[in-house]
Protein chains: 2
Amino acid sequence: MRKENRVTRCIGWIVVVAALFFLGFIVGWFAKPAHPDTVNSSASSNYLREFLGEMQPDLIRQHLRKFTQLPHLAGTEQNLKYAEQVKAEWQEFGLDSVEMVPYDVLLSYPNSSQPNYISIVDELGNEVFNTSLAEPVPKGYENVPNIVPPYSAFSATGQPEGELVYVNYGRTEDFFQLEREIGINATGKIVIVRYGKIFRGNKVKNAILAGAKGIIMFSDPADYWATGVQPYPDGWNLPGGGAQRGNVLNLNGAGDPLTPGYPAKEYTHRLKLEDGVGLPKIPVHPIGFHDAVQLLKNMGGPNPPDNWKGALNISYRIGPGFADNFKNQTVRMNIHVNNQVTRIYNVIGRIRGALEPDRYVILGGHRDAWVFGGIDPMSGAAVVHEIVRSAGKLLSKGWRPRRTIIFASWDAEEFGLQGSTEWAEENSRVLQERAVAYINADSAIEGMYTLRVDCTPSLHTLVYDITKQIASPEEGEKGVSLYESWHKRDNWTGDRDAPRINKLGSGSDFEAYFIRLGITAGRSRYTKNQKTERYSSYPVYHSVYETYEVVEKFYDPSFRRLHAVAQVRAGLIFQLADSQLLPLDANQYADSLTKYAESIAKVAQKNPDEMKMYKVSFDSLFSAVKNFTVASWDFHERLKTLNRADSLQVRAMNDQLMYLERAFIDPLGLPGRPFYRHVIFAPSSHNKYAGESFPGIFDALFDIKNSAAPEKSWEEVKRQISIAAFTVQAAAMTLTPPA
Amino acid sequence: MRKENRVTRCIGWIVVVAALFFLGFIVGWFAKPAHPDTVNSSASSNYLREFLGEMQPDLIRQHLRKFTQLPHLAGTEQNLKYAEQVKAEWQEFGLDSVEMVPYDVLLSYPNSSQPNYISIVDELGNEVFNTSLAEPVPKGYENVPNIVPPYSAFSATGQPEGELVYVNYGRTEDFFQLEREIGINATGKIVIVRYGKIFRGNKVKNAILAGAKGIIMFSDPADYWATGVQPYPDGWNLPGGGAQRGNVLNLNGAGDPLTPGYPAKEYTHRLKLEDGVGLPKIPVHPIGFHDAVQLLKNMGGPNPPDNWKGALNISYRIGPGFADNFKNQTVRMNIHVNNQVTRIYNVIGRIRGALEPDRYVILGGHRDAWVFGGIDPMSGAAVVHEIVRSAGKLLSKGWRPRRTIIFASWDAEEFGLQGSTEWAEENSRVLQERAVAYINADSAIEGMYTLRVDCTPSLHTLVYDITKQIASPEEGEKGVSLYESWHKRDNWTGDRDAPRINKLGSGSDFEAYFIRLGITAGRSRYTKNQKTERYSSYPVYHSVYETYEVVEKFYDPSFRRLHAVAQVRAGLIFQLADSQLLPLDANQYADSLTKYAESIAKVAQKNPDEMKMYKVSFDSLFSAVKNFTVASWDFHERLKTLNRADSLQVRAMNDQLMYLERAFIDPLGLPGRPFYRHVIFAPSSHNKYAGESFPGIFDALFDIKNSAAPEKSWEEVKRQISIAAFTVQAAAMTLTPPA
């Protein structure tokens, strides 16, 4: 009995010990996280709130003030000094690394000993009128050195002399009208066109195609003057003595004209100057409207169509040449521009990602300015500066994003997006493999009305999400979100009940990232009321009057608008870098593709007879878009049931999202434009069609009514339908389960 | 006291319970694996052993027998039937999925009502000699239908008549010698050249450039006859009535000539036939040496240089035309070839990867044959079939590879690598993002001597590893590994003490994967003794005598050589698909690049004066190679300390290895050849330089002594040095730590 007792007791003990051990084992087993990648998403959203809260309007003001004291044209000492300052401050803010990345690219400056001007010359050869050599310098800046006078960068050097012909905006359709309807040939003439509507480089290209031997561009008050606003410094309109600088290249995304496709390093082979990409072969020069009046007022020839008339008090006669008493006068351009290989500097800062250091989210904007860059680009650069400072602050509190964030201060954007393009070329392999998104940060403000966002469709949802977490900067909108304020002012009516988001165009540093490499991209800024304010960009654009004061006095005295833009840009990169699942929405891409396919088919259907005759059908494109839609819907369904604790599965689905944009890249590029490779969003070669769907690849379709060989053009349209259908189909394939 | 006792006891109990629980907890915590990705590498190597052990020589024999019964030219019903059979058997073997993937591509067949032949025509217009219309059919195959007679696929149709000119192998240097040294112009002539040394398409291109109006190619015993071997069926030499079929395109990687860059689907836009890529504009025809003797024996003109003389008992006079009594005779080609868009079928089978289904290892080889395909390609296809069977067996035992394996049976390789290229085009986005490696599986045997491997440098180490685990198939080498057997027969003397591995050239289905997309690639087969056996490829190549029997009787009666090749190919894909860390060796790439840079600089230094005059320097290339070497060394050092339990870190480093080959792709392609994009390994446009370092991009350098404009050529050389340096530098960047 005692023995039995002992045995029972012993067994009891063993059972208890085993049970306790087992209990402990079970608890230990389940207490241990299966993956270190189990994500604390509430910590992440707390940090987002801290990040957005950290940024301060007054610091943006200070950054802007600091970096707009002196002119800092690309390639000048001052722009290098600012680069060094940016680098030093980013380091101080706490980035993991900051480096200067130089390139030697072709820049273009006026010849300091032979100033550029345009003359009216009388029959004796006397210059009876000369345009001004510089803009009147704004008060307070009188003693500032190195203000470059207005000029057209990369203009040919020369002194063409001849009769003027006025060609409105210098668009393709303006030259067509000139030649076909008005019956005037621009060959051998000097054309004068007003700025606006299209990129100035295209005006120059059109003038060259029309046979002109020189081209003058002027800012007409109809295009650079807001109603009821005083000229600077009493308001933000362009004074009559102000003129718009700018490059006149036709690069089509090539970057440095001498090293297309490769980074402009010391060892890089350079094309000869005469073979450089996109360099115009005729002299070009920009003037203000005071000077323009002198050139235009005595012109002869027919009266122009009504829509060719600007707001100057003259009749806008077309020419060629002058009328009546002035018949024997001609116009001479005196243009001396030096193209020279010059060193430029990007500043690249990095925050190393904690879990996926090999995934990059890039925030990049340029630093170089034509003069002070009060708006372009320093309003944007000041915003980036404040974002970097706030990110550094977050780092010091223990935050580290899941993915790597790269901040870039690009150089020589004004000379053809050169700094950003050369860096993209140098890093093309790693960017193609690792870049999650590129957010562009050019000018952060161009108006006082509401937010403007241009981005790829897969970012739409994130943009709406973020703007709902940001306060409206407008007076009297306390408690109203930026989303609501924006929605109220710019509803995407007809399309959907949400704030309007635009397609990404071209002309800023995102080009190489988005249009060449196919990296998800977007940009944001504060803008004017597009419905009522009809002037181009903003009046003082690229003039000496783009000062700190134009922002501080007129555009954003409280700096709350820039602050809101800073929060949008910061919120985008934060979520892209820190969310466990990439916040990209393939369904939005599907929606957009559906609209685009319908819209491009509608353009074609304006020619029902030819459609029949040449057997043109969009069926393959519609079918591909349908497949894409199904694939993206299925993809997002699968995302819902994804085991988020399985880091390989999460990575694989994120890769599908990351590479979605890449799938729209055609490695062969667009016809004749090897660096424009995005089938959905590459720009048209005529910027008239910039807003169209599939603008780049459907040039042949847009041009069809002017085509000299319609059969060939329709054949090309059919070819492009097939390429578009294949590309959308290929993109759909990237969203299906991988095996 | 009693109370105290109870308290003490109670505390004691609590301590014991807590201790036991804690012990359990600790054991539970550590017992649980931190990652499901913790790899059982001994299980993997057991499976590798089982995989290699599963394959059986006799089954390879049966597969070969089964698929060589009937002619199965691309686009014919029989080749579709074999495709269906392959699909059915792969499904039976246990693959996760098998599909047929059709394309509609341009193929080329003789016109059945107008047979192709070449005549000697007398002064009266009588055809006094006609070449044979077909090869004598081998015994046992007399009643087999659909044996296509020898022809040149994609030849132009036409009946050119004129004088013959003999131009040796039809190489660039042969035509140079003809024109410059011998003083004979081939313009308006019919040239006759012997097969061998270079790709037949290049012979045709050279003839066209020389102005010829037709070209005849013949198999000379000097090039298709092994000493001491009987002609088939008594041995494996080419009978005098045999001739070599083959396509005569110059595609440069374009795939289907009508849809370059895009998959040939129903909806794809097709070029017009006259715009098709690489189609020759003159008639072309192949003949055997019995017929060749008749054409050559009466030729007049000068005696040829000694190295122009083949092994026929004639004097190999150069012409033009016939001698003496035959002066008035001419030669007429009667060629009718139909190019037609035809449906072809790839068979694609898959094993889904367990952990990384979005990483692809591809084993692909073609199925279409000119006639029976006894060697080309079915010796390779039979091997793939046995590999698929064995992989299925492994699956049934519970194995599943870490990554996805894709098996491909390509169609229309013989017509310009069309099946493989179209599939690469259709899947280019996912392949670019996900493909780890492509192993090619064309003919598995071309000789009876030893192993031959051509592969990219990063596979060298894996190839050596695998061959050490395989037994030599040679008689009397029991217990000797394939590595040792191979090493003994083909030592890489001078370079290193290891078996020789060749560069990947061109001309088989790996082209689109390796040269266009930059996917790690390799191939293996059994080969002849390259030092002593000087004939081209193997004698019966592309003739009707490529039967099952030629393998079974002569090349591999025991089927142990094919078995060894099967084990090599299987071992490669197994290790690439199943190793936790990719078995790729960047240090081997660094070694090779170092050698290549030295070798290309040596070629240039043959022109020391011009090097000085045009300031040509290879410093940038050497410097880039040095950076690459440091980066790869550092990379492999980091690999040693990698935490293998961290699946994100493992994935990131594997991605660096996977994308290394991709980094050598220049998106702009080589000058004039947009689909040849691999800077290190793209083929030269003259296959004379196929074995050179950087053969593709340094065409200008190889041609320098024949250049009409040396300054321009040297400028191009400098440009290419800069591109090579940049590319190697970019590749080095992909190996550095990502952030």
Side-chain angles (χ1 to χ4, degrees), chain A residues 17 20-29 31-32 34-37 96 261-263 265 267-269 350 352-353 355-358 360 404 426-430 433-434 619-620 646-648 651-652 655-656 659 662-663 667-668 674 718-719 721-723 725-726 730-731 733-734 737-739, chain B residues 17 20-29 31-32 34-37 96 261-263 265 267-269 350 352-353 355-358 360 404 426-430 433-434 619-620 646-648 651-652 655-656 659 662-663 667-668 674 718-719 721-723 725-726 730-731 733-734 737-739:
Chain A
V17 165
L20 280 167
F21 178 84
F22 182 72
L23 186 71
F25 183 93
I26 291 296
V27 174
W29 179 277
K32 180 171 180 183
H35 289 261
D37 188 19
D96 294 324
Y262 306 97
K265 309 292 287 184
Y267 63 79
T268 308
H269 183 262
R350 281 187 168 82
R352 197 184 55 259
L355 288 177
E356 298 188 87
D358 63 339
Y360 303 156
T404 292
E426 184 169 15
N427 294 278
S428 61
R429 275 74 169 164
V430 292
E433 288 149 15
R434 302 177 191 163
D619 290 355
S620 61
D646 183 335
S647 50
L648 274 178
R651 169 93 168 195
D655 278 0
Q656 288 185 277
Y659 289 130
R662 230 73 101 237
L668 294 176
K718 283 161 72 176
R719 194 173 83 88
I721 293 172
S722 141
I723 291 174
F726 163 65
M733 284 167 62
T734 69
Chain B
V17 167
L20 280 168
F21 179 84
F22 181 72
L23 185 71
F25 182 93
I26 290 296
V27 173
W29 179 276
K32 179 171 178 181
H35 290 258
D37 188 19
D96 294 324
Y262 305 97
K265 309 291 286 184
Y267 62 79
T268 307
H269 183 263
R350 281 189 169 80
R352 198 183 56 259
L355 289 176
E356 298 188 86
D358 63 340
Y360 303 156
T404 293
E426 183 169 17
N427 294 278
S428 62
R429 276 75 170 163
V430 292
E433 289 149 14
R434 301 177 193 162
D619 290 355
S620 60
D646 183 335
S647 51
L648 274 179
R651 169 95 167 193
D655 278 0
Q656 288 186 279
Y659 289 130
R662 231 71 103 236
L668 294 176
K718 284 162 70 176
R719 194 173 84 87
I721 293 172
S722 142
I723 291 174
F726 162 65
M733 285 166 62
T734 69

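Treat the numbers as computed from the prediction; the structure is a model and nothing was measured.
When each of B:E426, B:M733, B:E433 is scored by its heavy-atom pairs under 4.5 Å with chain A, the top score falls to B:E433. With respect to chain B, the highest number of heavy-atom pairs below 4.5 Å among A:K265, A:R350, A:R352 belongs to A:R352. Contact count against chain A (heavy-atom pairs under 4.5 Å) is highest for B:A663 among B:S620, B:A663, B:G353.
The CD atom of B:Q656 sits 7.0 Å away from atom CG of A:D358, with the distance rounded to the nearest 0.5 Å. Interatomic distance, A:S647 OG to A:L355 CG, rounded to the nearest 0.5 Å: 8.5 Å.
Between the side chains of B:T268 and A:S722, no donor-acceptor pair is found at a separation under 3.5 Å.
Looking at B:T734, the atoms closer than 4.5 Å to chain A (heavy atoms on both sides) sit in the backbone and in the side chain alike. The contact between B:P667 and chain A is made by backbone and side chain atoms together, counting heavy-atom distances below 4.5 Å. Only the side chain of A:D655 comes within contact range of chain B, with at least one heavy atom under 4.5 Å from a heavy atom of that chain.
Side-chain contact between B:L668 and A:Y262 is present, with heavy atoms from C-beta onward closer than 4.5 Å.
A:E356 has a carboxylate O that lies under 4.0 Å from a charged side-chain N of A:R651, or vice versa, which qualifies the two as a salt bridge.
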